[in-house]
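Counting starts at 1 for both ligands and their atoms, following the listed order. For the numbers below, each heavy atom of this structure counts, side chains included, while hydrogens, waters and symmetry mates do not.
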Amino acid sequence: MKPGSSALEVVGLTKRFDRLAVDGLDLTIHAGEFYALVGPNGAGKTTTLRMVAGLLRPDAGSVSIFGIDALQNPVAAKQVMAWVSDEPMIYDKLTPLEYLEFVAGLWGIAPTSSEPVAQELLGSLGLAPHRHERCEGFSKGMRQKVALAGALVHHPHLIILDEPLTGLDAVSARHVKGLLSERVRAGCTVIMTTHILEVAERMADRIGVIASGQLVAEGTLDELRRQNGHADTSLEDLFIALVTLPDAA
Ligand SMILES: Nc1ncnc2c1ncn2[C@@H]1O[C@H](COP(=O)(O)OP(=O)(O)OP(=O)(O)O)[C@@H](O)[C@H]1O
C-alpha cells in the first residue's frame, strides 16, 4: 500500500438505535499507522468499527477502505481487512490448525499455502503446543488468540480489533502486542479500541478519543497534550478531561 494514502476514510458515519450511537463521525486512518480508538463505555467505538467491518448498516455516511467503497463493495472491502471482535466465535470441535485451514479455505487459499502461515501465526501467539488440541477445552484468552490468528490468515492490509487485550494474561498480551507491532512494521494498518490507556499510549501512532458518538480529540500523545495545554500529563488525565467536557458528556 502507498505510504501516505489512507487505509480508512469514514465520513459522516451515523447510527441510531434507541438513541444516537454514532453521530456524523469523520475519521481518517493513514496506511501503515497504528491507531487506537479510546472513549468511555457506550461512546460508540464498537458500533463504529462494526459499521466499518460491514456487520452493521449505517443510517448515513460513507466508509472507504483503501479507496474501496465498503458499503457498495462489501466483499472487496472484506478481502483487504480483518475484523476481530471482543466476543470471538470459533469452532470448538476443530483444533487451531484445522480452524485456520478452514478459514483459509473460505478465502480460497489452498492448504499447502495456508499451513505454513497458520503454523507461524500459532507460533507467534504461543499456541504452537496446543495446535492439535480441540478448541473446546481452551480458555477465553486462548480462544481470543485463535480468533486473531484466523482473522490474519488471509494477509489483510487493515486489521480492526475491538478490545483485543481484555482478558489476556501478561504473556498472551505480550504475544498479541508483538504480533500487531510486527504487522505494522510489515506495512499493515491497525485500528483497535482499548480501555487500557497505557497500551494506547505506548503502541499507537495516533489516538482518537470518541465520546457520545463523536471524535472529540485526535493526534499523537504529544499533539493531544499540546491541544489541551498540558506538556507532561498522562493519557489518562487527558482522557478524563476530554470525555468530561460539557459538550462531550
Ligand atoms: N445492537 C444494539 N441495540 C441497541 N443499542 C445498541 C446496540 N449496540 C450498541 N447500542 C448502544 O449504542 C451506544 C454505543 O455502544 P457501543 O457498544 O458502540 O459503545 P462502546 O464505545 O463500544 O462501549 P464499550 O466501551 O462499553 O464497549 C450505547 O448506548 C449502546 O447501548
Top protein contact for atom 18 (O) of ligand 1, by heavy-atom distance = Thr47 OG1, 2.5 Å
Parallel, tilted or perpendicular: ring planes of Tyr99 versus Tyr91, cut at 30 and 60 degrees = tilted
Side-chain donor/acceptor of Arg143 to backbone N/O of Cys135, under 3.5 Å | yes
Is a side-chain donor-acceptor pair under 3.5 Å present for Thr28 with Glu9?
-> yes
To the nearest 0.1 Å, how far is atom 11 (C) of ligand 1 from its closest protein heavy atom, and which atom is that?
-> Phe17 CD1, 3.7 Å
May I ask whether Gly44 has any heavy atom positioned less than 4.0 angstrom from an atom of ligand 1?
-> yes
Gap between atom CG of Leu180 and atom CG of Leu161 - 0.5 Å precision | 5.5 Å
Nearest non-hydrogen contact to atom 20 (P) of ligand 1 from the set His195, Met51, Lys45, Arg50 belongs to Lys45
Could you tell me the residue and atom name of the protein heavy atom closest to atom 27 (O) of ligand 1, and the distance to it rounded to 0.1 Å?
-> Thr46 OG1, 4.0 Å
For Pro40 and ligand 1, answer yes if some heavy atom of the residue is under 4.0 Å from a ligand atom, otherwise no.
-> yes
Just need the protein heavy atom nearest to atom 29 (O) of ligand 1, so name the residue and atom and give the distance.
-> Arg19 NH2, 3.3 Å
The protein heavy atom nearest to atom 23 (O) of ligand 1 is Gly42 N, 2.8 Å
Separation of Leu158 CG from Ile68 CD1 (nearest 0.5 Å) = 10.0 Å
Ala151: side-chain contact (heavy atoms from CB on, under 4.5 Å) partners, not counting sequence neighbours | Ala82, Val84
For residues Thr193 and Asp162, is any side-chain donor paired with an opposing acceptor at under 3.5 Å?
-> yes
A student comparing Asn41, Ile210, Leu49 should find that the heavy atom closest to atom 26 (O) of ligand 1 comes from Asn41
Any heavy atom of Glu163 under 4.0 Å from ligand 1? The part involved is neither
Is atom 3 (N) of ligand 1 less than 4.0 angstrom from some protein heavy atom?
-> yes
Measure the CE-CG distance between Met51 and Leu13 for me, rounded to the nearest 0.5 Å.
-> 3.5 Å
Just distances here: any N/O of Ala21 and N/O of ligand 1 closer than 3.5 Å?
-> no
Please determine, by modelled atom types, if Gln227 and Glu223 share a side-chain donor-acceptor pair under 3.5 angstrom.
-> no
In ligand 1, the atoms that come under 4.0 Å of a heavy atom of Ala43 are 19 (O), 20 (P), 21 (O)
